[in-house]
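Note sheet for the following structure.
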Amino acid sequence: MLNSNIRVDLHIHSRISEYKEADGIVEDSVFENIDVLLTKLNENKISLFGFSDHNRFDKNLFKEVKEYIELEDTKTKYPHVKNLLPVIEFDVIFEEDKKKCHVLAVFDYKSDDNLDDIERVIESNKLTNSEQAYERDEFEKIIRDIGQDVILIAAQRKSLDNPRGGENSLSDSVDDIYEFLKVGYISTLEVQKSAVQGMILKNLVDFPRQINFVSGSDCHQWEYYPKHSKNENFKDKNYYFTVKAQPTFSGLVMALTSPESRFDRAETINYPYIQSISLNNQEIRLSHGINTIIGENGSGKSTIVYGLLEETNTKDGKYAKKILADNKFSVYPSGLSSNIFGVRQSEIINNSKNGFIFSEKENYFQRINHQNFENNIMEYSNKLFNNISNNIDIETSLKQISNLNFTIDLDFEDRQQYYIQIIADRNLSDSNIHQKRLIEINDILIKIIKESQNDYYDNESGAIWLKIVSEVSNLRNKIIKKYKERKGEIYVKNIISSGINDYTTDINSLIGVDDKKTSSYNKAKNDFKSLILNHVINLKTKSWEDINFPNKINGQSTKPHRGYNFIKIARYSDEDLSELFYEKVFKKEYRSIEKLKEIKDEKKFAESILNANEKNYEETYKSKISTLIKELKEEDTYIQKAGENIYVGSTLGEQSLVFYDYMVHEEKEESIIIIDQPEDNISNTKILSDLIKKFSLFRDQKQIILVTHNPMLVVNLDTDNVIYLQNINGKLMHKSGCLESEGIISLVAKTMDGGVEALERRYKIYGRS
Amino acid sequence: MVGLKLLKGDIKFMEEVRIRIELADKGQIKIINNDECLLEINADSKMTINGEEIFKTLNYSTNKKYVLEKLDDNHDEALKRKYEATQKLHKFYEDLLSDINKLNLDDDLTRSIDEFE
């Protein structure tokens with residue numbers, strides 16, 4: 001597992017370089033003085049170093065030092081110094097008529113046989129003259145003959161386009177330095193000065209992959225480490241490089257193949273993180289960076305997630321709880337649960353199926369106010385219904401009078417009666433013609449008052465609103481007065497009418513036949529007039545009120561947040577709904593105002609409404625309207641990258657990527673992020689191009705724990721810690737380490753589909769293993 | 001009160017509908033609406049009128065003011081009974097139009113606005 005950076009200096013000379021250093025500066029750089037060097041290395045916190053002599057290899061020195069630093073005493077004495085690697089600084093002429101160049105060849109060390117091979121090949125191709133250099137063919141043959149994995153680092157002491165100065169630089173030695181770097185022949189450049197690094201980076205601005213330079217002390221006189229020798233002007237020299245890797249050849253390979261994740265890592269972190277978990281009393285240390293949990297299906301990966309998230313209420317959670325208890329699962333330090341943000345790709349998928357990738361509790365969207373839409377549709381549909389009903393009433397009263405005849409008969413007209421006939425006025429029964437206006441002005445007043453109370457208005461506007469409210473109230477009072485007068489009149493007339501009826505009943509029992517005839521003649525005449533008046537009243541109060549279908553209403557809300565717009569759009573938004581309205585409520589042949597105007601009786605009205613009959617048509621109409629409103633109020637949610645007018649795609653993969661992107665940019669308080677199988681539904685191309693980038697942004701910002709089946713996430717994300725789980729008869733077993741740890745790579749290759757391919761892609765330029 | 005003033009300006013004076021009942025020389029009773037004869041009834045002392053026809057003679061539409069012109073009493077003695085019947089019809093119209101006018105006036109919001117100002 002990787003939790004800290006190491007310092008590396010692979011460029012230290014020993015006495016065997018003396019054939020090129022005539023001034024004797026390497027005289028004392030021998031094993032007898034190794035404590036001088038180790039003290040200096042320890043002081044400078046160098047963990048990994050290498051003797052890199054000019055075209056020579058001192059096998060004995062290497063072996064002696066290697067054995068020495070592995071002694072417990074030495075380890076205690078020089079705790080920073082961890083390992084050394086065999087390195088040779090070759091002089092190579094890559095191209096004819098070009099200058100020579102210094103190339104550091106870093107070899108792996110697995111056994112002493114490796115050292116023998118290096119020594120044998122070097123000795124048989126030995127340069128004797130200090131000015132001599134190997135030609136490219138010779139150099140490559142030596143590397144091939146040594147037959148080991150190797151990393152080649154070329155010296156570069158000036159900018160790539162500078163023809164002068166900077167001896168032994170790669171740029172003076174080859175025509176096309178980019179080609180050498182591009183194919184990976186040369187892994188990286190050794191550059192000592194920061195200013196030169198800056199110039200070279202500028203030269204490489206279009207280079208297709210990230211290159212991080214390494215530095216070495218080029219120390220010849222150990223006593224003066226990290227100086228070259230006593231008299232060097234040490235100012236501004238970078239004498240080591242820092243990487244997050246194990247102090248081994250594999251660690252170095254990882255660092256050079258994933259410079260973005262291995263170089264320039266934070267030295268210290270300041271957020272809480274889970275330091276370890278424990279299974280069956282065995283500790284599994286976690287990195288504060290990126291951890292991946294891998295293993296076959298059923299190996300307990302997701303169970304661990306339940307444990308970390310302390311989710312034990314669900315059915316799966318309860319099951320996990322049992323397994324965890326059986327395996328004595330614990331987390332150190334405890335009490336970090338409030339620092340954990342957990343997400344399962346399956347949750348994102350479920351949420352997405354329900355309309356949106358973020359869970360509801362996350363308030364990403366702004367509510368849409370549907371009130372206007374609802375009011376408008378309700379008002380329109382009510383008015384439409386009333387209009388048709390009124391038409392029916394008018395037609396009914398018209399039919400009544402068209403069937404009504406009255407004969408004016410002079411015999412009865414002039415006849416004297418012996419009692420006073422009073423005829424009740426049947427028109428003025430219950431129709432109060434002020435009622436309609438009163439309802440309207442009430443509505444208006446409520447709207448005005450509501451609007452006037454909106455916080456939007458300042459005091460000045462508020463005063464204007466007050467005036468308006470007061471004036472409309474006055475007008476309303478006038479109408480109320482009339483309404484009440486009419487109501488009173490009707491009330492009184494009703495009483496009188498009742499009295500008259502009683503009186504008529506009484507009189508009828510007393511009067512003679514002729515009087516009865518006269519009385520009934522007068523009543524018939526009055527009824528005749530009343531029915532005509534009734535029709536007039538109907539026409540006055542029930543005429544078709546012009547209605548327009550409500551204008552398009554915007555039912556959209558946009559909440560900009562962290563580079564995305566979270567958009568909600570109601571179905572009705574900016575839509576012309578009239579066609580849909582008629583389609584949902586009326587049968588085909590009635591779907592226009594003109595057709596509806598022609599409805600003159602209840603039977604037709606019932607027939608015009610879908611699935612309605614004469615008994616339930618009003619109810620059916622209302623329920624259809626409310627269903628329509630409900631449907632149209634449904635909201636779709638979209639996410640839009642700010643500044644782009646394109647909505648993020650609807651595939652689960654694309655939406656998930658937004659989720660992660662947003663998560664990356666959101667300043668979540670939680671310092672620990674646990675994600676269960678983030679790769680589901682995301683294509684491998686997108687994993688490579690997007691997901692890995694997003695997760696990389698968390699590096700050194702948060703602790704990440706990923707459960708994954710995808711080797712690309714493990715390998716290309718260059719995770720700091722891989723935990724391989726196995727479930728053997730209910731017992732959870734584990735193996736863990738960073739990618740370069742012994743056996744981890746082979747586990748990734750073996751247990752994950754595509755693991756071998758992912759690794760091959762990465763290692764193709766680094767030898768055979 | 002700008003809005004209301006505009007509103008007032010938009011309101012038209014109520015259109016006058018003049019109804020006249022005539023006893024013609026040949027004894028027909030004519031009901032004339034703004035110089036147009038809308039109903040002709042042949043009648044003697046008994047005269048049957050139909051509700052819809054009477055209604056149509058008003059040429060009804062909302063917010064009109066109905067004026068019943070005075071019944072001309074120049075008539076032939078021979079048509080006396082018919083004249084009497086015409087008078088009764090005239091009386092009928094008088095009552096009917098008075099009620100309609102009352103409704104119209106009641107409903108006329110212009111009065112409210114006038115009072116308001």
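In what follows, chains are A, B, ... by sequence order, proteins preceding strands, each numbered from 1.
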Solution key, residues 454-461 of chain A side-chain donor-acceptor pairs under 3.5 Å, sequence neighbours excluded:
| residue | atom | partner | partner atom | Å |
| --- | --- | --- | --- | --- |
| A:N454 | OD1 | A:Y456 | N | 2.9 |
| A:Y457 | OH | A:E451 | OE2 | 2.6 |
| A:D458 | OD1 | A:E460 | N | 3.4 |
| A:D458 | OD1 | A:S461 | N | 2.9 |
| A:D458 | OD1 | A:S461 | OG | 2.8 |

Okay, A:K467 and chain B: the region with an atom under 4.5 Å from a heavy atom over there is neither

So, taking the atom named [atom1] in [X] and the one named [atom2] in [Y], what distance separates them when rounded to the nearest 0.5 Å?
X	Y	atom1	atom2	result
B:D95	A:K525	CG	NZ	7.0 Å
A:I408	B:K91	CD1	NZ	11.5 Å
B:M47	A:L410	CE	CG	7.5 Å
A:K540	B:I100	NZ	CD1	9.5 Å

Using side-chain heavy atoms (C-beta onward) and a distance below 4.5 Å, is B:Y60 in contact with A:I532?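 Sidechains of A:I532 and B:Y60: no contact.
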
Within a 6.0 Å radius of atom NZ on B:K56, are there more than 12 heavy atoms belonging to other residues, nucleotides or ligands?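 No, because the 6.0 Å sphere around NZ of B:K56 holds 12 heavy atoms or fewer from other groups.
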
Would you say that more than 12 heavy atoms from the other residues, nucleotides or ligands in this model lie under 6.0 Å from the NZ of A:K600, or not? yes

Cut-off 4.5 Å, heavy atoms of chain A, and the answer for B:L96 is both

Going by side chain to side chain contact (heavy atoms under 4.5 Å, CB included), name the residues that satisfy it together with B:V67, two or more places apart in sequence or in a different chain.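 Listed in chain order: B:E16, B:R18.
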
For B:N50 versus A:I401, what's the shortest heavy-atom pair and its separation? OD1-O, 3.9 Å

Salt bridge between A:D411 and B:R81, side-chain N to carboxylate O under 4.0 Å?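 So A:D411 pairs with B:R81 through a salt bridge.
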
Which label fits A:F528 and B:F92: parallel for a plane angle under 30°, tilted from 30 to 60°, or perpendicular past 60°?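 Tilted, since the angle between the ring planes falls between 30° and 60°.
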
Counting heavy-atom pairs closer than 4.5 Å to chain B, which one of A:N403, A:T407, A:L404, A:L398 comes out on top?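 Among A:N403, A:T407, A:L404, A:L398, the one with the most close pairs to chain B is A:T407.
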
